[in-house]
Every structure is written in C-alpha cells, then in structure tokens.
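Reading through the structure tokens given below for one structure.
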Amino acid sequence: MLKYKRILLKLSGESLAGDDGYGINAAMLDRYAEEIRKAREMGAEIALVIGGGNIFRGVSEAAANMDRVQADYMGMLATVINAIAFQDALERKGIFTRLQTAIKMEQMAEPFIRRRAIRHLEKGRVVIFGAGTGNPYFTTDTAASLRAIEIQADVIVKGTRVEGVYDSDPEKNPHAEFFPKISYLDVIRKNLRVMDMTAITLCRENVLPIVVMNMNEEGNFTRLLRGEEVGSLVHADGV
C-alpha cells in the first residue's frame, strides 16, 4: 500500500542544471527519470511541473528591462523546453507520458484539459504540465498547486537539493533549524521559502499537504511513497 497514490512532483528548473548552473544536465535528467520509473512500478500516479530557471537564467539579464508580461511568457516557454526534455528522458525508460501545456502548442503537446489529464493518470501515464498557468504574474509553484488541486492529487512533493524546510538556507547557515512538520500558517508567519505565498494559500484553502524533500538523494521518492518519514511535511493548521 502506498502512503500517497497520486502525486504532483514539482521540480525547479535549476535542479535539471545540476552543477552546470544552467541548461539541462543529462545525468540529472536521467537520475530524476529513474526515480519516477521506480515510483511508477510501485503503482503511483505521477504528474510533473518543472520550472524554467535553468533556461531563463541565460536571458535574465536581457529580460531585466523588459515588460514583466513579456518576460513571464519567456519563462513559460522555458518550462516547456524542460518538459519536452523530461518527456524524452522518461520515454527512453519505457514510461508512457503525456505533455499538456497551458498555452496551445498542438504540434508538441496537448492543451491542458482536466478530465483528460486525470484519465491519463488512471491509465498509468506520467503527465507533465508545461507553461505554468498560462498567465503572467504566476509562478510554477502556483501552477503546481493549481494543477495538483485540479487532478485531485494526494500530495505535492517539492523536490529540492536540501533535506526539507529550514528557517534559513542550510547551504549558507550550518545552524539552520530543520522543521520535520510545520503548518501552512507557520510557513506564512515565518515567511519560509517553501513555495510562494499564492501557492501556499491555495494548498491551505484546499487542505493539500506538501512534502519538501531532497530529490537528489537516491531512493528518497520511493521511501516517501512507502510511508517512511522523508523531508518535511507542510500540513493543515492546528494538526
């Protein structure tokens, strides 16, 4: 029995860059795809949202003086590049996938249709959501929360390169306090960088748990699904 059956996995674009700092690192891509393959073999239904920072960083200096809406659309396109790369990595491992985008790109992907996405998951396909929400001013964190609620996911798993939620950056502060469990309200009060406030509020209003964990540690994802205590759980207020 899986602790979580249907999962929305949120990865940052930077995580795909690995130590390169930008672009797509083939080894990191393969590592994440392998983790998802193992989770699929356990019977988990998995959807993905991937950020675009690894691609967009290369043009961020030029985008600094751009209109915010135009820059956000560029960021959405960056997420689609990552989504296509991830789709290819998964399919090379024999995993059936579907890419759905919030902006129509019919030659490359299906448009996002909620019922179709749920049906793909029920059939065992990994569904990748690209182009954020399709709207400027909203981050891929918010897109992940929105899509997770729409597909009735059991949990959002935010894959990072640290062990979970801390009161400060543990890579810079060796004395940072780790929170194995924390409420949505405390995340907001402490202004912790779990996800952006819009995403946290959406999860809080819909009582959708968030697990923040180190995706770079092999086997963490499957251990979480088996019910082991991995990372940090962001849960309902008062629980």
Side-chain angles (χ1 to χ4, degrees), residues 4-16 24 29 32-33 36 39-40 44-56 68-91 95-159 195-211 215:
Y4 303 111
K5 172 72 173 178
R6 182 173 294 170
I7 303 102
L8 189 295
L9 175 60
K10 168 63 170 64
L11 295 172
S12 69
E14 286 84 357
S15 65
L16 298 188
I24 299 171
L29 197 62
Y32 292 143
I36 291 170
R40 271 294 308 123
E45 297 175 356
I46 302 168
L48 277 163
V49 171
I50 310 165
N54 58 319
I55 304 294
F56 192 64
R68 169 66 188 273
V69 174
Q70 296 291 78
D72 280 1
Y73 279 125
M74 289 172 66
M76 290 179 214
L77 294 177
T79 72
V80 177
I81 292 172
N82 284 337
I84 292 171
F86 216 117
Q87 181 180 40
D88 180 74
L90 290 170
E91 291 184 342
I95 302 168
F96 293 105
T97 68
R98 289 293 185 274
L99 171 56
Q100 294 194 344
T101 56
I103 299 171
K104 287 186 179 180
M105 303 179 185
E106 282 125 345
Q107 289 83 352
M108 296 181 291
E110 299 177 356
F112 170 71
I113 299 173
R114 174 181 172 270
R115 288 179 181 270
R116 184 178 288 178
I118 291 172
R119 187 62 178 146
H120 288 323
L121 292 168
E122 291 171 345
K123 288 184 175 182
R125 299 164 183 155
V126 172
V127 181
I128 307 169
F129 299 119
T133 66
N135 301 292
Y137 299 101
F138 290 94
T139 68
T140 50
D141 279 349
T142 299
S145 299
L146 178 62
R147 294 291 181 250
I149 293 162
E150 287 178 307
I151 64 172
Q152 300 173 323
D154 298 320
V155 66
I156 292 179
V157 175
K158 182 165 183 181
M195 301 174 88
D196 68 63
M197 289 300 108
T198 304
I200 292 293
T201 302
L202 268 174
C203 291
R204 183 186 180 205
E205 289 176 349
N206 291 275
V207 198
L208 177 65
I210 305 165
V211 173
M215 194 67 183

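Start at 1 with the first residue, then count along the sequence. Source: prediction; values computed, not measured.
- Considering all non-hydrogen atoms of both residues, I200 and M195 come closest at CG1-O, 3.8 Å.
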Check: Could you go step by step and tell me if R6 and E122 meet the side chain to side chain contact (heavy atoms under 4.5 Å, CB included) rule?
Finding: CA-CA 9 Å; R6 182 173 294 170; E122 291 171 345; 3.8 Å; yes

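- Counting only distance, with no hydrogens or angles, the side chain of T79 and the backbone of A131 share a donor-acceptor pair below 3.5 Å.
- Taking 4.5 Å as the limit, every side-chain heavy atom of M108 sits out of range of all side-chain heavy atoms of T101.
- Applying the side-chain contact (heavy atoms from CB on, under 4.5 Å) test between L121 and each of R98, K5, E45, R116 identifies E45 as the sole match.
- Atom OG of S145 is separated from atom CG of N206 by 9.5 Å, given to the nearest 0.5 angstrom.
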Next item on the list: Take Y4 and V157 through the side chain to side chain contact (heavy atoms under 4.5 Å, CB included) test and state the conclusion after the steps.
Entry: CA-CA 10 Å; Y4 303 111; V157 175; 5.8 Å; no

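- Minimum interatomic distance between S12 and I50 (heavy atoms only, all atoms of both residues): O-CG2, 4.3 Å.
- For I151 against A47, the heavy-atom pair with the smallest separation is CD1-CB, 3.8 Å.
- Heavy-atom minimum distance, C203 versus I156: SG-CD1, 3.7 Å.
- When all heavy atoms of G134 and Y73 are compared, the closest pair comes out as O-CE2, 4.1 Å.
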Next item on the list: Begin from the C-alpha positions of M105 and L77 and carry the test side chain to side chain contact (heavy atoms under 4.5 Å, CB included) through to its verdict.
Entry: CA-CA 10 Å; M105 303 179 185; L77 294 177; 3.5 Å; yes

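- Residues K158 and D141 meet the side-chain proximity criterion, which asks for heavy atoms closer than 4.5 Å.
- The main-chain N or O of F138 is never found under 3.5 Å from a side-chain atom of D72 such that the two would form a donor-acceptor pair.
- A donor-acceptor pair under 3.5 Å links the side-chain atoms of R114 to the main chain of E150, judged by distance alone.
- Residues R147 and Q100 are not in side-chain contact: their nearest non-hydrogen atoms beyond the backbone lie 4.5 Å or more apart.
- Here the side chain of T139 pairs a donor or acceptor atom with the backbone of T142 at under 3.5 angstrom.
- In this structure, the separation between CG on L146 and OG1 on T140 is 12.5 Å, given to the nearest 0.5 Å.
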Checklist line | CA sep, side-chain torsions, deciding dist, call: L90, L48, side chain to side chain contact (heavy atoms under 4.5 Å, CB included) | finding: CA-CA 12 Å; L90 290 170; L48 277 163; 4.1 Å; yes

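- The two residues F86 and I128 come nearest to each other via the heavy atoms C-CD1, 4.2 Å.
- Few gaps surround CZ on R68; more than 12 heavy atoms of other groups in view lie less than 6.0 Å from it.
- To the nearest 0.5 Å, atoms CD1 (I24) and CD1 (I55) are separated by 4.5 Å.
- Taking CG of N82 as the reference point, atom CG of N54 lies at 4.0 Å (rounded to 0.5 Å).
- Between Y137 and N135 there is no side-chain heavy-atom pair separated by less than 4.5 Å.
- A distance-only check finds a donor-acceptor pair linking the side chain of D196 to the backbone of T198 [under 3.5 Å].
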